Amino acid sequence: EDINQLISLKVEESIHLDFKQAESLDKSDKKKSELAKDVSAFSNSAGGYIVYGLKEKNHVADAISFINGNEYSKEWIEQIIQTRIQRKIEGLRITPIRFDNDIEKSIYVIKIPESALAPHMTSDKRFYKRYNFESVQMEEYEIRNLYNRKDKTKLTIHNVTWLTEYEVENEGEHDEIRY
């Protein structure tokens with residue numbers, strides 16, 4: 001339903017979302033490199049999703065383009081990512097969607113987190129980032145800045161209690177209210 005909704009709502013690709021048709025997964029070196037480039041670009045940027053199995057027209061979801069899950073499995077995709085991107089991307093998730101429980105009618109959704117271990121380099125010895133709706137090569141200063149990402153402090157606050165006190169005047173009488 002979510003995949004069909006992307007098409008019916010004419011959802012547009014963005015810095016956090018990319019659509020790839022079935023032909024984007026191929027056993028050629030060029031297509032494997034493109035897969036690694038796209039995944040590393042998301043991780044080096046703010047994270048996002050790549051949906052393999054959706055055709056796009058003018059950067060808008062247009063039609064389903066099924067992938068044969070027998071030929072291109074979740075494990076195959078994961079192996080390409082792991083062998084062609086240096087520094088492993090923690091928290092990366094690949095979710096297969098099977099239409100009518102048919103493995104030959106598969107779509108893969110890759111959820112890529114913003115990485116604290118960035119920058120991530122592909123096997124072509126380059127670093128990529130997301131820019132609008134595409135993956136582009138990073139400048140030297142951008143790569144240098146990413147090395148500092150892991151040094152950022154991550155603050156998490158749990159169980160916050162607010163105490164507020166004030167008085168309300170009610171017909172000449174004062175009531176104190178706490179919560």
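This structure is a prediction, so every number in the text was calculated from the model and none was measured. The chain is numbered in sequence order, starting from 1.
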When rounded to the nearest 0.5 angstrom, what is the spacing between CD in Glu142 and CG in Asn145? 8.0 Å
Validation: residues 52-60 side-chain donor-acceptor distances under 3.5 Å, sequence neighbours left out:
from	atom 1	to	atom 2	distance (Å)
Glu56	OE1	His59	N	2.8
His59	ND1	Glu13	OE1	3.0

Residue that, paired with Ser135, satisfies side chain to side chain donor-acceptor pair (under 3.5 Å) out of Asp38, Asn44, Asp18, Thr122: Asp38
Should we say atom CG of Asp2 is surrounded by more than 12 heavy atoms from elsewhere, each under 6.0 Å from it? no
Please list all pairs meeting ring pair (Phe, Tyr, Trp, His ring centres under 6.0 Å) that have one or both residues in residues 71-92, counting only residues at least two apart or in different chains. Tyr72-Trp76
Is a side-chain N or O of Ser65 found less than 3.5 angstrom from the main chain of Ala22, in a donor-acceptor match? yes
What about Ile85 and Ile50, same hydrophobic cluster or not, with Ile/Leu/Val/Met/Phe/Trp/Tyr joined at side-chain heavy-atom distances under 4.5 Å? yes
Do Tyr147 and Met121 belong together in a cluster built from hydrophobic side chains that touch within less than 4.5 Å? yes
Testing the basics here: between Ala61 and Leu6, what is the closest heavy-atom pair and its distance to 0.1 Å? CB-O, 3.5 Å
If every non-hydrogen atom of Ser43 is compared with every non-hydrogen atom of Ala118, which pair is closest and at what distance? O-CB, 4.5 Å
Please round to the nearest 0.5 Å and tell me the distance separating atom CZ of Arg130 and atom OG of Ser14. 7.0 Å
Can you list everything that forms a side chain to side chain contact (heavy atoms under 4.5 Å, CB included) with Ser8? Sequence neighbours excluded, please. Gln5
Calculate, to the nearest 0.5 Å, the distance between atoms CD1 and OG belonging to Ile80 and Ser33 respectively. 9.0 Å
For residues 2-49, which residue pairs qualify under ring pair (Phe, Tyr, Trp, His ring centres under 6.0 Å), counting only residues two or more places apart or in two chains? none
What about Ile64 and Val109, same hydrophobic cluster or not, with Ile/Leu/Val/Met/Phe/Trp/Tyr joined at side-chain heavy-atom distances under 4.5 Å? yes
Atom pairs and distances, donor-acceptor, side-chain atoms in residues 90-105, under 3.5 Å, two or more places apart:
from	atom 1	to	atom 2	distance (Å)
Arg98	NH1	Ser106	OG	2.7
Arg98	NH1	Tyr108	OH	3.4
Asp102	OD1	Glu104	N	3.0

Output yes when Glu34 and Lys30 qualify as a salt bridge under the 4.0 Å nitrogen-oxygen rule, no when they do not. no
Rounded to the nearest 0.5 angstrom, the CG-CD distance for Leu117 and Glu114 is 11.5 Å
OG1 of Thr83 to NZ of Lys32: how many Å apart, nearest 0.5 Å? 7.5 Å
Are Ile112 and Tyr128 co-members of a hydrophobic cluster defined by side-chain heavy atoms under 4.5 Å apart? no
Any heavy-atom pair between the side chains of Pro113 and Ile89 that's under 4.5 Å? yes
Is Met138 linked to Val39 within one hydrophobic cluster, defined over Ile, Leu, Val, Met, Phe, Trp and Tyr using a side-chain heavy-atom separation of less than 4.5 Å? no
Does Lys129 reach the side chain of Val136, with side-chain heavy atoms less than 4.5 Å apart? yes
Any pair with a residue in residues 66-88 that passes salt bridge (charged side-chain N to carboxylate O under 4.0 Å, His left out), sequence neighbours left out, goes on the list, sorted by first then second residue, please. Asp29-Arg84
Distance, nearest 0.5 Å, that separates CG of Leu17 from CD1 of Ile15: 12.0 Å
